[in-house]
Amino acid sequence: MKQHITALIQAALDTLVQNGSLPADISPSIMVENTRDKSHGDLASNVAMTLAKPARRNPRDIATMIIEALPQSDMLTKTEIAGPGFINFFITSASATKVVEDILAQGTDFGRSKTAKEDKIQVEFVSANPTGPLHVGHGRGAAYGATVADILAADGYNVSREYYVNDAGRQMDILAVSVWLRYLEHCGESFTFPANGYKGQYVYDIALQAKQQHADQFHHSAEIVFTDLPLDEPEGGDKEKYIDALIVRCNELLGDKFKTLFDVGLEAIREDIRDDLSGFGVDYQEWFSERSLTSTGDVDQALARLEASGHLFEKEGNTWFKSTDFGDDKDRVVKRANGATTYFASDIAYHMNKFDRGFDKVINIWGADHHGYITRVKAAISALGYDANRLVVKLVQFAILYRGAERVQMSTRSGSFVTLRELRDEVGTDACRFFYVTRKADNHMDFDLELAKSQSKDNPVYYIQYAHARICSVMEKLANSEWQLDSQNGLQVLADSSDDDEKSILNQLAKYPETVHNAATNFEPHLIANYLKDLASAFHTYYNSNKMLVEDAKQRDSRLILSLAVKQVLANGLALLSVSAPQRM
RNA sequence: GUCUCCAUAGCUCAGCUGGAUAGAGCGUUUGCCUCCUAAGCGAAAGGCCGCAGGUUCGAAUCCUGCUGGGGACACCA
């Protein structure tokens, strides 16, 4: 509809330029927008006002000329000039009704892009370290990332979802040691658990699993394990040095078996995370291992490429990437003097790998704490010879948890946190998915657990689902009656209707495809959530003032056909957010 | 110190990328079930859109400065 009117205006402008009423060198971008107030028609354009200055004419005069030059259209009832020079368009109810036909014909495809786009897009999200179960903070990234991916797919892109598994590095070593120590406890040893170890209950569970699978292969007496170690923090020592010493000790004592134990922990947690996310409606095409970057030689290759293009230098034995050449505020170490590559080096290799896999665009959903990381990663991408704009980083602010008025402190290390799984169990997956996505990702979010749990019925997601369930219920009643729905009759009556509630629903329905498109191009799923609330609201109003199943076949058919269209769009929108559309509630 | 995000109703937040009288939920006051689901609908009250400039026909929206808040940042994975 908007395109249609834009074309009409363009035609009118062409005519005016040809007959000399307007100068030839104007090339306005024609904007057609939905009106807020229905007395201003259905759609409005401000071209006349934007043309006023270059054409050196009064905007209302220009508007008059445009209207006179406008080609005939059977989709419009009238056009008028309003305010300082708006042109308001009034659409015939017949053409407004066409959207209902479209929706019913296209079904679940309504709102999805009709043309597949060439671009391959990768969305990488969550990627939490596999050192423990996901907590509610990760939930937001999961809901946001998954929804962005789904919306992009709906907009016609070829989308791949990926989880980067940080299965290398010190954090994982600490986890392995933590598992080992709990394992030793299961073997009957007793000692004080290190201050810096992972203390969560899940570590016991994994240790028990290790014991069942590998018997006492990893068993050493506490005496041997703890001889000649530096002091831990509670004794006045340094907890970091202490845990590092334990990692070394664990390696010495276990030798080759260290990796076996390490992998027991890694796989247990990775599978737990995979399972958890899957239950949250979040599934991936690829679980990418950080370790694999080293074994395939990607890290070396990436560094070699940077070396070859002259972006590396040596200083004090370390190898540095000259990221300041690309706007970073300092250079970064990629390889330490001892030959170990840094975490950053892995990241460079990872992004090289992403582009080499043929993704045209790569979207990283990161927690807000990675903010400072963006410049250097983009710098590396540029240095490798790729266009850094092909990487889009979306930062997700943390959800700050409250229990009532009290802020909940969370730490994976100490094991005191609310897991995503607990949250799902208590609040429900639908409500969680929806709630996480109702707010813009870059805004802070207060997540009050008490509120989410105790007042879950006030959650807007139920409001939307309720509208869907109501329609389903009416349809069920219809099926059990002697009446049949005559769609053609319904559409005709609807086209002749001048009911305000019906018009506003039609208007809202017509906005769905562009809402999906906007949400996709701006990576803003909350637009869908807001849209659905509005649509549900329009429907609830309509439902309350009109009975659907009435004797009069004309009224009945038109109301039912409109409701069916609403039901379809609600279902499509909820599906995009991975929220269920229940038949009854 | 540098970077970044934010500031809109009592509270939590929208505001369609610059449009006409700034919206919703919760909370407050209040009306509506002999009728398809009251997890709903209607009405009322509630606003210096943080402050000050600038850009133009027009600013909550764009630019600059200020104030106030969240967060990030040190060869740490």
Side-chain angles (χ1 to χ4, degrees), chain A residues 31 33-37 39-40 44-46 48-50 52-53 58-59 82-86 88 129 131 166 168-174 240 290 315-320 329-337 342-344 346-347 367-375 395 397-398 400 438-448 451 455-467 469-478 481 511 514-515 518-519 521-522 524 526-527 529-531 533-534 536-537 539-550 556 559-560 563 584-585:
Chain A
M31 299 242 314
E33 319 171 300
N34 296 308
T35 54
R36 195 171 297 165
D37 186 334
S39 68
H40 297 137
S45 179
N46 61 349
M49 288 180 291
T50 57
K53 195 162 193 188
N58 177 316
F86 288 101
N88 294 337
N129 286 341
T131 52
N166 296 109
R170 181 164 169 267
Q171 296 306 318
M172 286 306 295
D173 286 338
I174 296 176
E240 303 292 345
E290 179 188 356
K315 194 174 121 192
E316 294 160 8
N318 294 329
T319 307
W320 299 69
D329 49 8
K330 62 194 296 188
D331 295 324
R332 309 289 172 176
V333 173
V334 288
K335 191 185 264 188
R336 308 257 209 95
T342 61
Y343 185 86
F344 180 45
S346 297
D347 259 347
D369 54 337
H370 285 69
H371 161 66
Y373 224 70
I374 300 174
T375 328
L395 292 181
Q397 296 288 337
F398 293 126
I400 303 164
T438 14
R439 277 147 180 72
K440 275 197 294 204
D442 53 13
N443 279 2
H444 296 268
M445 183 166 80
D446 292 336
F447 199 128
D448 186 339
L451 201 73
Q455 301 195 359
S456 62
K457 286 183 179 173
D458 290 330
N459 193 309
V461 71
Y462 295 100
Y463 181 80
I464 298 164
Q465 290 180 319
Y466 187 52
R470 270 183 153 175
I471 299 170
C472 291
S473 171
V474 171
M475 293 306 157
E476 200 181 308
K477 286 273 192 312
L478 174 74
S481 72
K511 279 197 261 184
E514 66 186 89
T515 304
N518 281 341
T521 49
N522 298 318
E524 291 185 338
H526 76 277
L527 294 179
N530 288 337
Y531 170 86
K533 276 193 256 182
D534 289 344
S537 170
F539 178 75
H540 282 309
T541 302
Y542 182 60
Y543 180 91
N544 263 272
S545 47
N546 301 89
K547 190 164 157 58
M548 309 274 146
L549 299 171
V550 290
R556 192 178 65 230
R559 287 170 188 173
L560 288 172
S563 300
R584 59 181 65 218
M585 291 174 71

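The model shown is predicted, which means the values in this text are computed figures rather than measured ones.
Relative to the side chain of A:Val333, the nucleotides B:rC36, B:rC75, B:rU37 differ in distance, and B:rC75 lies closest. Listed candidates were B:rC3, B:rA74, B:rG19. Nearest to the side chain of A:Lys330 is B:rA74. Set against B:rC36, B:rC75, B:rG70, the side chain of A:Met548 has B:rC36 as its closest nucleotide. Set against B:rA39, B:rC3, B:rC36, the side chain of A:His371 has B:rC3 as its closest nucleotide. Nearest to the side chain of A:Glu33, among B:rU37, B:rG40, B:rG19, sits B:rG19. Out of B:rA38, B:rC16, B:rG19, the shortest distance to the side chain of A:Tyr466 is found at B:rA38. In this structure, the nucleotide among B:rA14, B:rA20, B:rC75 sitting nearest to the side chain of A:Asn530 is B:rA14.
For B:rG40, the OP1/OP2 oxygens have no side-chain nitrogen or oxygen of A:Thr541 closer than 4.0 Å. Taking side-chain N and O atoms only, A:Arg470 has a distance below 4.0 Å to OP1 or OP2 of B:rA38. At least one side-chain nitrogen or oxygen of A:His526 sits closer than 4.0 Å to the OP1 or OP2 atom of B:rG15. Phosphate contact (OP1/OP2 of B:rC75, side-chain N/O of A:Lys315, threshold under 4.0 Å): absent. A:Tyr463 has a side-chain polar atom (N or O) that falls below the 4.0 Å cut-off from OP1 or OP2 of B:rC41.
Side-chain contact check for A:Arg170 versus A:Glu240: some heavy-atom pair is nearer than 4.5 Å. Side-chain contact between A:Tyr543 and A:Arg470: present, with at least one pair of heavy atoms (C-beta onward) separated by less than 4.5 Å. For the pair A:Met475/A:Ser563, a side-chain contact is recorded, criterion being any heavy-atom separation below 4.5 Å from C-beta on. The closest side-chain heavy-atom distance from A:Asn34 to A:Lys511 is below 4.5 Å. Between A:Lys477 and A:Met548 there is no side-chain heavy-atom pair separated by less than 4.5 Å.
As judged by a 4.0 angstrom heavy-atom cut-off over every strand, A:Asn522 is placed among the base-contacting residues. Nucleic acid contact class of A:Lys440 (heavy atoms, under 4.0 Å, all strands): sugar-phosphate only. The residue A:Asp173 sits apart from the nucleic acid: no heavy atom pair falls under 4.0 Å. Using a 4.0 Å heavy-atom cutoff across all strands shown, A:His540 reaches sugar-phosphate atoms only and no base atom. Using a 4.0 Å heavy-atom cutoff across all strands shown, A:Glu514 reaches no nucleic acid atom at all. Heavy atoms of A:Tyr543 sit under 4.0 angstrom from at least one base atom. When heavy atoms are screened at a 4.0 angstrom cut-off, A:Asp347 is found touching no nucleic acid atom at all. Residue A:Ala467 is classed as having no contact, given no heavy-atom separation below 4.0 Å to the nucleic acid. Contact annotation for A:Arg332: no contact, since no heavy-atom pair falls under 4.0 Å across all strands.
Taking atom CG on A:Asn544 and atom P on B:rG40, their separation rounds to 10 Å, with Å as the unit. What separates NZ of A:Lys477 from C1' of B:rC36 is a distance of 6 Å, to the nearest Å. In this entry the distance linking OH of A:Tyr462 with C1' of B:rG25 reads 16 Å, nearest Å. Nucleotide B:rC3 holds its C1' atom 10 Å from the CD1 atom of A:Ile374, rounded to whole Å. Remark: P of B:rC75 and CZ of A:Arg170 are 16 Å apart, rounded to the nearest angstrom. A:Phe344 places its CZ atom 15 Å from the P atom of B:rC76, with the value rounded to the nearest Å. Between A:Asn46 atom CG and B:rU61 atom C1' there is a gap of 15 Å when expressed in whole angstrom units. A:Phe539 has its CZ atom 11 Å from the P atom of B:rC41, to the nearest Å.
Between the C1' atoms of B:rU2 and B:rA20, the separation comes to 43 Å (whole Å). Nucleotides B:rC32 and B:rC51 place their C1' atoms 45 Å apart, quoted to the nearest Å. With P as the reference atom, B:rU8 and B:rG47 are 14 Å apart, rounded to whole Å. As rounded to the nearest Å, B:rU21 and B:rG68 have P atoms that lie 35 Å from one another. Here, B:rU37 and B:rG10 have their P atoms 39 Å apart, quoted to the whole Å. Nucleotides B:rU67 and B:rA72 are separated by 23 Å at their P atoms, to the nearest Å.
If you check distances only, the side chain of A:Asn518 never reaches the base of B:rC16 with a donor-acceptor pair under 3.5 Å. Judged by distance alone, with hydrogens and angles left aside, A:Asp534 brings no side-chain donor or acceptor close enough to the base of B:rA14 to form a pair under 3.5 Å.
B:rU61 has its base anti relative to the sugar, with a glycosidic angle deviating from 0 by more than 90°. Using a 90° window around 0 for the glycosidic torsion, B:rC33 falls inside it and is classed as syn.
A distance cut-off of 5.5 Å between ring centres, combined with a plane angle under 30°, places A:Phe86 in a stacking arrangement with the base of B:rA20.
With a 3.5 Å limit on both pairing distances and Watson-Crick or G-U wobble geometry required, the stems of 3 or more pairs in RNA chain B span B:1-5 with B:69-73, B:10-13 with B:23-26, B:28-32 with B:40-44, B:50-54 with B:62-66.
A:Asp534 is linked by a salt bridge (charged side-chain N to carboxylate O under 4.0 Å, His left out) to nothing, counting only residues two or more places apart in sequence or in another chain.
The shortest heavy-atom contact between A:Trp320 and A:Asp331 is CZ3-O, 3.5 Å.
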